[in-house]
2 protein chains.
Amino acid sequence: MRANSEIDPICGPGGTRAREVLDLVSDKWSLYVVAALGQGPLRFSQARRVVVGISQRMLTVTLRRLVRDGLISRTVTPTVPPQVTYALTETGHSLRLAVQPLIEWAFTTADDIAVARAAYDAQAEGQA
Amino acid sequence: MRANSEIDPICGPGGTRAREVLDLVSDKWSLYVVAALGQGPLRFSQARRVVVGISQRMLTVTLRRLVRDGLISRTVTPTVPPQVTYALTETGHSLRLAVQPLIEWAFTTADDIAVARAAYDAQAEGQA
DNA sequence: CTGTATCCGCTGCGATACTG
DNA sequence: CAGTATCGCAGCGGATACAG
């Protein structure tokens, strides 16, 4: 049963923080960076190549945010030239695991969604 | 633009479409709407109450996009006043299942992340 | 190599008002 | 009740230039 006063479990009491965390996922690049690091530690320039399409700025911003949230670690090797390595923390790894089903879903469902979109657009076109 | 087919599983060959699908998830509200509908069909005004904080405009936009992608169905009952009911399709339900681990992760990890953030900010403050 | 800083266009989104 | 239309601002994010 669902009363009018019932609230979304995601947004419910105690769920505010969870919501903030989910907002982290809603960042377009966060998931990609985490997925990229899931294969092993990466240096800045490597990550830039692996996460295709990301700008330097967004990589910096995304990495810092993930470090701040304790999802990835940042290790500086004081050599010349300097070398910075990013790696998933344990928490970050748990995120990767939690996200894995979603990734797979995206792959297996991509076709269906493309079809649905085409059908919808075609119909919309017809009655426009 | 993206001629580079790299190691990244998300962006790899054939992954372009999956990426578009994942972008769907990166919409802040989509997940919440799907989660809300996961408990059963909702009418427009109900959804608006359940998904706390969403504006009418964003609810409309989000719903339509989800309908377009075949994740939810839109059923109009021609009564007065008119009545529109939204429900998860089978595909939409599969998304909900795929997202479930992520939701749970968000809940269980929210505290850790809050702590990590506080620590990071405190340290940043110190060396500012 | 690994960033930081600035400018700035584009769009996401809320607020508001109106329709069927 | 269930939307659509329009305006306006804030912030994302790309391009570029500079620094350690």
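A, B, ... follow the sequence lines: proteins, then strands. Residue 1 opens every chain. Just so we're clear, the structure is a prediction, and the values are computed from it rather than from any experiment.
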key: Flag side-chain contact, heavy atom, 4.5 Å: A:Val99 against A:Val34   = no
inquiry  = Is there a side-chain contact between B:Leu37 and B:Gln39 in this structure, where contact means two heavy atoms from C-beta onward sitting under 4.5 Å apart?
reply    = no
query = So does B:Thr60 get a side-chain nitrogen or oxygen closer than 4.0 Å to the phosphate oxygens (OP1/OP2) of D:dA2?
reply = no
Pairwise distance [atom1]([X]) to [atom2]([Y]) - rounded to 0.5 angstrom:
X       : Y       : atom1 : atom2 : result
A:Arg64 : A:Leu59 : CZ    : CG    : 11.0 Å
B:Leu63 : B:Phe44 : CG    : CZ    : 6.5 Å
A:Arg96 : A:Leu31 : CZ    : CG    : 11.0 Å

Measure from [atom1] on [X] to [atom2] on [N] and round the result to the nearest Å.
X       : N      : atom1 : atom2 : result
B:Leu59 : D:dC1  : CG    : P     : 13 Å
A:Ile54 : D:dA15 : CD1   : C1'   : 15 Å
B:Arg48 : D:dT4  : CZ    : P     : 13 Å
B:Phe44 : D:dT4  : CZ    : C1'   : 11 Å
A:Tyr86 : C:dC1  : OH    : P     : 14 Å
B:Arg43 : D:dC1  : CZ    : P     : 7 Å
B:Gln83 : D:dG3  : CD    : P     : 11 Å
A:Leu66 : C:dG3  : CG    : P     : 13 Å

task = Could you walk me through whether B:Val84 and B:Thr77 pass the side-chain contact (heavy atoms from CB on, under 4.5 Å) test, one step at a time?
result = CA-CA 6 Å; B:Val84 181; B:Thr77 309; over 6 Å; no
query = Checking all strands, does A:Arg64 fall into the base, sugar-phosphate, or nothing category for heavy-atom contacts under 4.0 angstrom?
reply = sugar-phosphate
Dump every N/O contact between nucleotides 10-13 of chain D and the protein below 3.5 Å, one line per pair.
unit_1: D:dG13; atom_1: N7; unit_2: A:Arg57; atom_2: NE; d: 3.3
unit_1: D:dG13; atom_1: N7; unit_2: A:Arg57; atom_2: NH2; d: 2.7

Please list, pair by pair, any protein nitrogen or oxygen found under 3.5 Å from a nitrogen or oxygen in nucleotides 17-20 of chain D.
none

